[in-house]
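Below: one structure, written as structure tokens.
Numbered from 1 within each chain, the chains take letters A, B, ... in sequence-line order. Computation of the quantities below employed the complete heavy-atom set of this structure, encompassing side-chain atoms and omitting hydrogens, waters and symmetry-equivalent molecules.
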2 protein chains.
Amino acid sequence: MAATKDPRPCSIADALALVGEKYSLLVLREVCLGNGRFDQLVRNIGAPRDILAARLRRLVDAGILTKRVYSERPQRFEYRATQAGLELEPVLMTLKEWGDRHLRRGTGLPMVVEHSCGHALVPVVTCRACGDEVRHQDLTAHPQAPGWTLTGPTAA
Amino acid sequence: MAATKDPRPCSIADALALVGEKYSLLVLREVCLGNGRFDQLVRNIGAPRDILAARLRRLVDAGILTKRVYSERPQRFEYRATQAGLELEPVLMTLKEWGDRHLRRGTGLPMVVEHSCGHALVPVVTCRACGDEVRHQDLTAHPQAPGWTLTGPTAA
DNA sequence: GGGGAGGGTTTGATTTTCCAACCCTTCCGG
DNA sequence: CCGGAAGGGTTGGAAAATCAAACCCTCCCC
């Protein structure tokens, strides 16, 4: 689902071209939870079976999932996240946190993820260099490739 | 674009229902960069004008963007991120980082974001409680609402 | 040999997207 | 006063993606 003629070279656009189609990130959610079987995915995501099959093919081709046999005779499969797939989990957690805060004021969370430190996970995006939480006003964009023309206050 | 019958109550699914449609997150990318005018968005994202208009309406309705007049006579508009919109920027940065690492091995990045600490931003998702980087093996899911049946190794 | 689980594919109707063309207002130049 | 051009969309019809339900195949169990 690449933005058909995105004139900007952009890793965000490229990433979304792989995992931005409807259901793809929900597939990853389920697979990260260990629910990697076809009918589990159908039930838990609520996607049409044909679409789901297409997404799974795409994610496997992209190296985000692998298809494993968990039983010969009868032959049965399971999808699992590759390393690249697991590294998308922080994106999911960050999105979950946003949804928890903005879409469920007061409603109680449908799921809580516990971190190994013993606390409920509240993901925070920080800067690798200084450790500070990332906020918009601390960021400045520096285009490195043609196609980028900035005009706003974030421009460099 | 809600997963039409997602049986799971889930903040990830809900968030994607708002911003998961094609182009929506790219709109947010541009708006965060300060490129909030309709024809800038068309050019920079490469989306059809009608689709873009629909996305903008939706994002404004959802409280993620606002439509501001930046010139009366001739009347001209500009879209800006609300606080809720700005708080999605960490999601974009995390996704950008994933794309930079997995989709551009060796190709040189099309854009670098500088953090106010003086270094190029490399976003890291950490746990608010302990500060450690979030990794899959440190997470355990705890369903709080019906609809959640876990079977895998992540299950609680 | 009937039925169910698992993992899909096929078919046809319904929605979305896409693209090009068009519209409207206001400013500008001649 | 007339003809653009910029900005911000809307409209119409063709093309593509999605949806739901039905179907298929293999193997297992009774």
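- We find that NZ of K67(B) is positioned 9 Å from P of dG8(D), with the value rounded to whole Å.
- For E78(A) and dA5(C), the CD to C1' distance is 16 Å, given to the nearest whole Å.
- Separating the CZ atom of R76(B) from the C1' atom of dT25(C) is a distance of 7 Å, rounded to the nearest angstrom.
- F77(A) comes within 4.0 angstrom of the backbone, heavy atoms only, and of no base.
- Every residue was checked against the side-chain hydrogen bond (donor to acceptor under 3.5 Å, both in side chains) condition with Q144(B), not counting sequence neighbours, and none meets it.
- Residues that satisfy the side-chain hydrogen bond (donor to acceptor under 3.5 Å, both in side chains) test with Q83(B), not counting sequence neighbours, are E87(B).
- When hydrophobic side chains of Ile, Leu, Val, Met, Phe, Trp and Tyr are connected at separations under 4.5 Å, V69(B) ends up clustered with F77(B).
- When the P atom of dA6(D) is taken as reference, atom CD of Q40(B) falls 14 Å away, rounded to whole Å.
- At a non-hydrogen distance threshold of 4.0 Å, D50(A), A53(A), R57(A) from residues 50-62 of chain A come into contact with DNA chain C.
- Residues passing the side-chain contact (heavy atoms from CB on, under 4.5 Å) test with D100(B) are S11(A), K96(B), R104(B), L109(B), sequence neighbours excluded.
- Scored by the side-chain contact (heavy atoms from CB on, under 4.5 Å) test, L56(A) finds V27(A), F38(A), L41(A), L52(A), L65(A), Y79(A) as partners (sequence neighbours excluded).
- Contact check, K22(B) against dT18(D): no side-chain N or O comes under 4.0 Å of OP1 or OP2.
- Rounded to whole angstrom, the span from the CZ atom of R43(A) across to the P atom of dG7(C) amounts to 10 Å.
- Put simply, CD1 on I45(A) is 13 Å from P on dG8(C), counting in whole angstrom units.
- The distance from atom CG of L41(B) to atom P of dG7(D) is 13 Å, rounded to the nearest whole Å.
- Between A141(A) and L33(B), the shortest heavy-atom distance links the atoms CB-CD2, 3.5 Å.
- The ring-ring contact (aromatic ring centres under 6.0 Å, His included) contacts involving residues 87-127 of chain B comprise W98(B)-H102(B), where partners must be two or more places apart or lie in separate chains.
- For D50(A), the side-chain contact (heavy atoms from CB on, under 4.5 Å) partners at least two apart in sequence or on another chain are P48(A).
- Comparing dT26(C), dC18(C), dG8(D) by their nearest atom to the side chain of P74(B) picks out dT26(C).
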Enumerate the protein-to-nucleotides 22-24 of chain C contacts in which both atoms are nitrogen or oxygen and the separation is below 3.5 Å.
none

